[in-house]
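For reference, the structure is listed below as structure tokens.
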Amino acid sequence: MATIALNRPSVRNAQRPAMWAAMAQFLASLDDAVRIVVVRGNGGTFSAGLDLALLDPAQVDQEGSLVAIVQKSDQEIVDQIGDYQQAFALLADPKFISIAAVNGHAIGAGFQLALACDQRIATEDAQFCMKEPALGLVPDLGGTKPLVEAVGYGRALEICASARMVKAAEAHCIGLVQSVVPPHALDDAVTAAVRSLTAHGPSAVRAIKALLQQAPHRGSEEQRLGERMAQVDQLRELATRHR
Ligand code: CAA
């Protein structure tokens with residue numbers, strides 16, 4: 001198991017491009033033996049999202065600052081955001097199952113980071129908010145797709161357009177989080193989830209994660225073909241093990 005802990009508690013784990021680059025590098029370097037990646041926030045908050053200092057017009061020289069980024073061409077901005085999205089995309093790698101352990105607030109980029117994970121376990125005091133529209137921005141770290149997949153288009157639009165806080169109990173009800181636990185029980189809940197998600201051999205679980213990821217984008221026949229092809233590999237592996 002590997003853990004990514006956001007560690008800027010004095011600014012509620014506000015995120016900066018350097019953190020995304022470090023996360024991407026870390027995730028890309030993980031050994032094949034790692035089956036679970038847990039993402040958490042130190043100090044009682046998951047993450048308050050983008051470091052708002054980057055939107056300050058005085059922050060000219062900082063990497064990722066609004067002032068610096070708008071000097072670039074449209075294509076350069078698209079490419080730069082593409083780099084930022086890498087860490088979020090890598091959390092979907094079928095090699096492992098990613099779990100967001102969400103305590104306190106998950107706002108903006110923090111919400112998107114939680115959404116980038118396969119599973120979300122939240123504390124009873126957790127709150128989720130897609131704050132971007134309130135700042136004149138769109139969620140651009142890969143969060144729109146998993147949000148729609150988790151709660152459906154209508155609810156996703158309402159959550160984003162209103163930029164309201166979604167409390168843990170509602171998040172659980174609408175399928176945004178898999179479980180809600182008292183704050184003191186978060187670590188135990190993560191440990192139990194890790195145990196349960198790694199109870200069986202990695203090969204089949206990895207193949208299933210890939211199949212489930214592909215399911216929404218494929219027709220039924222294509223998905224059935226995908227299942228058959230994945231099963232060929234599993235059957236061969238099983239036979240080799242029994243030899
Ligand atoms: N960036 C920089 N600093 C932040 C921050 C952020 N996103 N969030 C909090 N901080 C700082 C505060 O300025 C404060 O600093 P000082 O101690 O120097 O005053 C410190 O963290 C503590 O903050 P609070 O006193 O507000 O803490 P709280 O526990 O009462 O509230 C909170 C926590 C609800 C998360 C609140 O801090 C908050 O609303 N933060 C702003 C959230 C926000 O708007 N984030 C941007 C989302 S949009 C996005 O992320 C863009 C994108 O994806 C493209």
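For ligands, and for the atoms within them, numbers begin at 1 and follow the listed sequence. Just so you know, these numbers come straight off a predicted model, no measurement behind them.
Classification of the Trp20-Phe88 ring pair by plane angle, with boundaries at 30° and 60°, yields perpendicular.
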Expected list for residues 128-156: side-chain donor-acceptor pairs under 3.5 angstrom, two or more places apart:
{"unit_1": "Glu132", "atom_1": "OE2", "unit_2": "Gln112", "atom_2": "NE2", "d": "2.8"}
{"unit_1": "Lys145", "atom_1": "NZ", "unit_2": "Glu149", "atom_2": "OE2", "d": "3.2"}

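Within 6.0 Å of CE in Met229 there are 12 or fewer heavy atoms belonging to other residues, nucleotides or ligands. For CZ of Arg228, the number of neighbouring non-hydrogen atoms (other residues, nucleotides, ligands) closer than 6.0 Å is greater than 12.
Remark: of the listed residues Thr45, Asp51, Asn42, Asp51 is the sole one forming a side chain to side chain donor-acceptor pair (under 3.5 Å) with Arg8.
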So Lys95 and Asp32, side-chain contact (heavy atoms from CB on, under 4.5 Å) or not? Walk me through it. CA-CA 7 Å; Lys95 271 198 314 198; Asp32 267 3; 3.1 Å; yes
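Ligand 1 lies under 4.0 Å from heavy atoms of Ser10, Val11, Arg12, Ala14, Ala48, Gly49, Leu50, Asp51, Leu52, His105, Ile107, Gly108, Ala109, Gln112, Lys131, Glu132, Leu135, Asp140, Leu141.
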